Every structure is written in C-alpha cells, then in structure tokens.
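Since the structure is predicted, the reported quantities are computational estimates derived from the model, not experimental observations. This chain uses plain numbering: 1 for the first residue, then up along the sequence.
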Amino acid sequence: MLALVLSACRPALAVQSVRVSADSDAIDLTRAVEHYGAQGDRIQVSTAPGADGIVRRIEVSALEAGAQPAWIVFALTNDSDEQLSRLIVAPHFRLVGSGVVWPDLGSSRITTITASQGQAPEREDNAQADVFRLTLDPGTTVTYVAELRTPSLPQIYLWEPDAFKDKSTSLTLYEGILIGIAGLLALFLTIVFVVRGAMIFPAAAALAWAVFIYVCIDFGFWRKMFGLEDASERIWRAGVEATIAATLIVFLFAYLNLRRWHVRYMHFALVWLLVMASVVALSVFNAPIAAGVARISIATVAGVGLLLILSLAARGSDRAVMLIPTWYLLAVWVVAAGAAALGYLTNDLAAPGLVGGLVLIVMLIGFTVMQFAFSGARGSGDGGADAERRSLAMAGSGEAIFDWNVVSDEISGSDALESQLGLKRGALAGPAVGWLDVLHPLDRDRYSLALDGLLHQRSGRINHELRLRGADGHYFWYMLKARPVVSADGEVVRVVGSLADVTELKSAEERMLHDAIHDNLTGLPNRELFYDRLDAAVHQAQKPGATGPIALVVDIDDFKRINDSYGLSMGDSTLLAIARRIGRDLKPGDTLARLVGDQFGVVILSDPPADFGARLDALRTALSAPISFGEREIALTVSIGAAVFDPKLHAKGGDLIADAQLALANAKKAGGDRVELFTRVMRSQRSDRQTLENDMRHALERGEIIVLFRPIVRLEDRTVAGFQALTRWRHPKLGVLDESEYGPAAEASGAAIDIGAFALEIAARELAAWQKALEVNPPIFATVGASTRQMLAHDLLTDVRSALGRHFVQRGSLKIAVAENLVMENPEYAAVLLRRVREVGAALMLDRFGAGYTSLGHLPQYRFDAMRIDASLVRPNAFGQRSPILRSVIAMAHEMGMDVISEGADTESDAVELAQIDCQFAQGAAFGQPMSAAAARKLMGAEPA
C-alpha cells in the first residue's frame, strides 16, 4: 500500500515552457503539453523554471475522490511587459484525431485547471469547447496542471479572447448556413418523394435527413435543442453515422436499380442493411464500437460503390455514368475524412470543411436525382387500353408478343413462343430478370440495358437481336422490337413489342460469313483465313519460349493435264482426295487451307522433329498414291516447299510463306515430285542498290535499325571507361548489315540523318542511365559517329542539342566522333559547326585517325577532346612490327590535350604494348564485341533495381 502511494505521488519531470507574446492570436498547444495516464487521485509535477531559474514542485488532487483521471501539464511564459489575458480552449468532439476503430466520441475534455502561481483559470460557458480564462503577469512563467474527463485530448489551443470571439462568430455563421442548406435539401427531397413515389426519392431523402442530423450534432445545435448530455450525444452520433452508411447503401441500390437485374446484389445489400440496423442498436450500449463499424462501412460503401458504378458504366448504364462525378467526390471525401480521423490532416478548418463537403455531396446527389426525375420526354397519355389494342394487333401479325408490365414487373409472352422453344406453358411469364436464364450469356447485358434505357429516357425503341435457349439446349434467334408506354404523369407503365423468329436469316448470314473465308469446294480455310492464322502463329512465336510454326506449300504436279484429260469433275475429286490425305497427318491446332488452284498451304505449330526431312518425304509419298476414278487409275506426283520459322528472317506470316513458296519453286525447277526445305542460300545474296535504298527509307519506322555498344577499356586499370555506339540494320532478307554495308544507301536515300539522330538519342538515354547508376569519377562516356548528311544538312547541332536536352548527362561525356574525311572536305565550315556542338555540352573526337589524309596544320583550330586511332596503325605488319609513327601520333595527341582511344586491340599483347606507349583507352576483340544496351548495363553492373 505504501508503494502504491509513493508511486502515485512520484513527481514528474519539469516541462518546457511555451513563450506567449502580446501579438499572438492563437497558439496550438497540442504537441506542447505532457500527458500523464492513471496517476491516482494526486499528481506531483516539477514546474518550469521561473525567471530566477528555480524549479519548484506542485501537487494537485482530483476534483472527486477515487476518479483517478488522466492529466496534462503545460507551462506558459509571458515575454511581454504587460499583463496578458488568454483563453485555454479544448474543443469538444472533433473528427480530427478521433480515430476510425473504436473512435473517441468525447464531448467535455477538461474538468479543472490548476496554476502553479497567480490567479486560478476560470471556466467560461461554451457549448462546443472547454474554455478557461487565465491571466499572465509580465515576465512570469506559470505551470498549469489540467485534470481531464477523457483519457485523450486531441486538440488544445491558447487563444487571444477577441480573436477567439471573431473566430467563433465566423464559424457560427458558417455552421448556420450549412444547417440551413442541409435542412432545405432534406425537406425538398422529401417533397419530391411525396410527388414522385419511386424508390429512389425516399432513399435520397433519407440520406439527406441523416446528413442534416449529423450536421446539427456536429455543430452542437442538436445538443442545444434537446439538452443532451455527453453520453446521449455519443449515442446519437454513432447512430447517425451508422444511418448514413445504411442510407448510402439504399440510395446506391435504388438509383442503379440493382434489384431488377442483379438479385445477388439485392441479397448482399439486405444483409448489409441488417448489419447497419444492428449497429444502430449497438450504439445505445457501446457507442465507440458502433461508430467504428459505421465509419468502416461508409468507407466500404464508397469504395465498393465506385467500383460497381465504373463497372456498370463500362457496360453502358446511363444511370451509372450520371453518378460517377458524385460518387468520385464521395470517395475523395472518405479519404480526406479518414486522414483527418487518423490525425494526418489536423488543420483547424478540417472538421468544418469536411462537414461542408458532406453537405455538398448530398446537394450533388439531389441534383442527380432531379435530373433523373425530370429527364426524358413526357408521355402522350397512352394507357392500358391502348396497350391492349397494340398487343392484339401484334398477335394478328403472327409474331410473338412481348408485354412487360413495369409496375408489377411481369412479362407476358406468347404461347407460340413457348411452344417453339419447347418450354412449359407460362415459363416465360414473370419478372424481367427471369428471362436471363433462357437468354444467351452474351445477350443478357444488352437485354437488361435496353430495358433500363427505355425506363430512363421514357422514349425510344428497342430493335435488338436476341438468342433464346430451347428445352433441348439449342438457341433460336429473335428480333425484339418494343417501345415504352408512358402514363399521364410521365412514368413508363408498360413496354410492349414483338419477337420475330429470325433463325433462318441468321443461319443464312452465318453461311455467307463461312463462305467468305472458306473454300467452296473443299470447305477448307481460304487464302485470307490462312494468312490471318499464319500471322497469329508468327506473332505468338516471337514471345520468349514459344514454339515457332512451320509453313508448307503443297502443289500437284501438272494438274492442268488431269483437268484436260479427265475433266473438271475428276480434277475436283483429285483436290478433295489430296485435302483429305493432308488432313490425316495434321494435329489439332494445325491449319490446312487451299491457297489457289491446286496449291495447298499448311501451318504446323509443333517443333520440327529430327527426321523432319524424312517425314516430309513420307507425306509426299502418301500424297502421290494413285487415285481411282471409275475404272481408271490416275497417277499423281506432288511437290512440297517447307520453311521453318526463324525470328531473324520472319517478322510476319507473309515472310514465312514466301520462303516456303521459294522452296516450292526450287522443287519445281528440279523437276517436281520432291521436297525442298528452305535455306538462306535460296534468297538472293544481295539486292541491287535501288532496292536497298527503297528498303532503307522504311527501315527506321519498321524498327529494323538497332544500336549496339562496343566497350572501350581504360588500359591503366582495365575497367570499362565507355562505349562506342554503333548502328546495325536487321534487313528482313539480307540479315544484319553493318554501317559499311548500308551506309551508301542511307546517305543516298536521306535516311542517314534520321538514323544519326536515332543513334544520338539512344546513346544519350543509355549514358544518362549508366551515370545515374554508377556515379563514378571520371564518368562513363559514349562516342557516337556523325554522318556526312548530318553535317552538311546542318542537323548535327540540332540533334545533339535535342538529345542532351532530353537526357541529363555530364558535360563532355557524350563524344561526337567525326571522321577525318568529313573534316577535311570543308575545314572552315567544320570548324564553326564543331565549335557550336562543343558549346552545347558535347565533346568532339577525331575518328579513325590514320585511315585517310589529315592536314595536321588544321588540327589545332578544331579543339578535339579525343582521338581514335584507326586499327591500320595499330595492327602489326607481316613481320610482327607496329607502325613506327604510332608512338608519335599518341604523343602529338597528348601535346594537343586529346585523350587517345586505339582500335585494333585484339590480343592481350596489343593491350600491353599500347599501355606502354602511353595510350589511355583501347577497344577491340580483346575487350568484347558490340553488344546490346542490356548487355552493356550488365557488363558495368549498372542494371536497374
């Protein structure tokens, strides 16, 4: 017992004082106070040091014995020369900081406040906060101990009295306006409900009344009106929050009309409403738990409702489209309210702003409801008698009757329709949702949306083809034509129309579609369908790990002789026999088609076996078996061309079948009755220059130009210092071409400018990524060659500036390599252009020095940053000796301030000798071949995380 008393009386540490100046209107003390939990009925604290620096102790007892309250301690210092009067304000319930799970619904926060010296703070009357007036003498520091009614204190402020009065007045005006708007909305929607009795209007009105009551409670108006105590107010608050969640569910369910087509939604909503009703009852016994469930439910309704609305809107629901803006705003409000409740949004205006946002959401819901209520054209007063006359007229036409009584939600179908489908009498009578069971799954959404559209627009017509399932499982096609019947008050009371059997018409259409893509004689896919399937197979084969297709072209040798000698009927029989024989050897998924005349195409999706050639020979032998025609026997021979998919050669299906046709042509040239498997040798080795130039014009847009990177190594420590960017052309027929092979065609066609810009862009992008990942000093560099066209057409400067503007690389690390011949053709022009290129942040490199003629007298005016020595100066001659001028060239470059990169370092001995004569960098076979950007990143260890 003695230990308990000593623990309760143990003094707390001294607090940090808050400075109060004469011109401060409001100070947030929430984070400046020190909280103490169950300290018993007494607490001892050390005061903040006074002007004399002495720390004292005070002991405070609870107002009521045995209360064991929580406490807060804070200290204030008056730095001014005048006496200050301030208000300690602890707001009653605020959404800010109240929490989501087991929220804090407390009203009164502070029981009493004790001062360490001077006058005791005096409580002032205020319905929305605990307010205590205190006086601070000049130069004094006072420590205050406050006894709390609740374990937590979300907010506490120090206000200047006049400023607090002005703020309270403004907030009271704002609250009054919101209460008035919310009340008018609730009253207006109630009146609309009385006038228009659809379910959506009471749902909207109930939501408006729930929000109105919530606003009154939050602003303290409800407390004043009914004289509520703290416990009663917590019950009201939790119950109203649960009611808001329930009314949101009802409104969403009613507005989207989920009860008509989505029975599972109705069951789910009913269960949810029962839970909310239980939560309302729970609020009487445990308000915090009820409020926590209600808040989670509101967030769930907002999130699930938004997904449901977007789903229905994507399927064409006009109601869902109209509700998207309002529900999106509700979702944003829920996120903001959650942030405020969890303490992430603590602004003093957060709570009033959220309440105003809730009223705005109800206002938008009211506008949406009114738009729904009064949209569409008003009816002409057609009643039930007129509808019956229309039904009799349609019955006389011989078509099935479709008559939907909207008020009772009952469809009356024709006996003839049920008889045709083999259904029991009355099987199609009942609610509109009952037809979903006999409708084809692909037609159900169109059926429900069409009927909903008539109800919403109150005008228009339905003209849709639907499939109804018969008792035997077969589907029949019907044309549904219907229109709404609108009563005098503008509501749709019936939807009447007809159902005409169009099964034979649809069958004829399907036959026409089949004939459009199939051969009339054999029933096989025709050329168009074959090419479509071949393209799909090639596209699938381009994915990693996929199987490549095989294309076969089978042609009957001398088929014209059979037609001429035996007649067209024998020729047709021959084609049918060949088609059946080929089909016997195919597997599911393979495609056999008649391409043209006596030529068949085959797509095989399985991997070619090891004895693929022998298998094709066996197929040829089987196809060449004689055909009996009456008493005659006709000998046959066939030729087969085959091509196996190669990703480097076959970018599309046309390329693969073209190679198979090429193999077939070789088989025909060899005399026929043979099988030829395509090889690259069958393609011409090179096209003429004009063809190459024509292909070059479209190479870049077809993605055939690629950029590879050759490593450049620092000889001092054998680390990768940079890369040389090289372009390659993946020609669809000629394979991969380097710059020396396609360069003349690129220059002649004008594509060299675009290819150069493309290489600059890729190199700058990769260089920026390398430097960001590695952050080494000196930085990684890249060299990119400039073409003749780029320099002469003034595009080099623009391309370099554009690449450096889009990608951040360190200045001078992107080196523009200019060949000797380009510089020497026009030295004056080159000097000006290269100087401007250097000014935008790129470095200059004299490329392939020694491969041509260079005027040494002009070199100083270009101010090159680096020189790349051609391999012809580096490689040893037949006697194993290197050029005697190599050392002099390297020394000259160093004298001119240029780095030296040597080509031709093919062996380790080459690298050692180059390092000995002071060459800084080298590239060649010893350090790696050109590689992809991904391989370059892997080589440097610069792969992205």
Side-chain angles (χ1 to χ4, degrees), residues 518-527 529-531 533-534 537 547-645 656-679 682:
H518 288 81
D519 178 57
N520 290 331
L521 174 63
T522 62
L524 298 174
N526 61 12
R527 185 183 185 89
L529 183 55
F530 175 80
Y531 271 81
R533 293 183 179 178
L534 183 60
T547 302
I550 303 170
L552 304 181
V553 181
V554 180
D555 187 89
I556 303 175
D557 296 329
D558 202 12
F559 181 71
K560 185 176 182 299
R561 175 184 59 83
I562 298 177
N563 278 334
D564 293 343
S565 302
Y566 301 101
L568 296 178
S569 59
M570 183 57 194
D572 291 346
S573 298
T574 302
L575 293 175
L576 290 171
I578 293 295
R580 285 194 298 270
R581 291 176 181 179
I582 298 175
R584 282 198 295 265
D585 282 352
L586 298 183
K587 297 179 180 179
D590 297 340
T591 298
L592 169 63
R594 184 184 179 192
L595 301 181
V596 60
D598 61 333
Q599 196 172 98
F600 296 88
V602 181
V603 179
I604 301 175
L605 299 181
S606 56
D607 288 324
D611 58 345
F612 183 56
R615 295 279 295 274
L616 290 180
D617 271 327
L619 175 63
R620 179 191 58 79
T621 301
L623 295 180
S624 299
I627 295 177
S628 298
F629 185 66
E631 297 180 355
R632 299 181 181 181
E633 193 173 76
I634 302 173
L636 292 176
T637 60
V638 298
S639 298
I640 302 176
V644 180
F645 172 76
L656 183 60
I657 196 63
D659 286 343
Q661 296 276 11
L662 187 57
L664 177 65
N666 279 268
K668 290 287 189 180
K669 289 179 183 177
D673 192 19
R674 60 186 296 119
V675 174
E676 288 287 346
L677 187 61
F678 168 78
T679 61
M682 294 180 183

Taking side chain as C-beta onward, heavy atoms only, is I562 less than 4.5 Å from L636? yes

On a heavy-atom basis, the closest approach of A537 and V603 is CB-CG1, 4.4 Å

All heavy atoms of A643 vs all of L677, minimum pair found to be N-CD1, 4.5 Å

If you look at every heavy atom in G589 and L605, which pair is closest and at what distance? O-CD1, 3.2 Å

Rounded distance [0.5 Å steps], CG in L575 versus CD in Q599: 12.0 Å

CD1 on I604 to OG1 on T547, rounded to 0.5 Å: 13.0 Å

Provide the closest heavy-atom pair for I640 versus A667 in the form atom of the first, atom of the second, distance. O-CB, 4.3 Å

In this structure, OG1 of T637 is separated from CG of D555 (nearest 0.5 Å) by 9.5 Å

L616 and L552, any side-chain heavy atoms less than 4.5 Å apart: yes

For D557 and S639, does a side-chain donor sit closer than 3.5 Å to a side-chain acceptor? yes

Interatomic distance, CD1@I578 vs CD1@I556, rounded to 0.5 Å, equals 4.5 Å

Among all residues two or more places apart in sequence or in another chain, which pass the side-chain contact (heavy atoms from CB on, under 4.5 Å) test with A658? none

Under the side-chain hydrogen bond (donor to acceptor under 3.5 Å, both in side chains) test, which residues partner R674, sequence neighbours left out? E676

CG/L521 to CG/N526 distance, rounded to the nearest 0.5 angstrom? 13.0 Å

Could you check whether any side-chain heavy atom of D598 comes within less than 4.5 Å of a side-chain heavy atom of T574, counting everything from C-beta outward? no

Indicate yes or no for a side-chain donor-acceptor contact from D585 to the backbone of R581 under 3.5 Å, with no hydrogens or angles considered. no

Output the distance between atom OH (Y531) and atom CG (L595), rounded to the nearest 0.5 Å. 6.5 Å

Is there a side-chain contact between S573 and I627 (heavy atoms, below 4.5 Å)? no

Do side-chain atoms of D617 reach the backbone of R620 as a donor and acceptor pair under 3.5 angstrom? no

Shortest non-hydrogen pair, V553 vs A660, comes out as CG2-CB, 3.7 Å

Taking all non-hydrogen atoms of both residues, which atom of L592 and which atom of A579 are closest, and how far apart? CD2-O, 3.4 Å

Set of residues satisfying side-chain hydrogen bond (donor to acceptor under 3.5 Å, both in side chains) with respect to D558, sequence neighbours excluded: R561

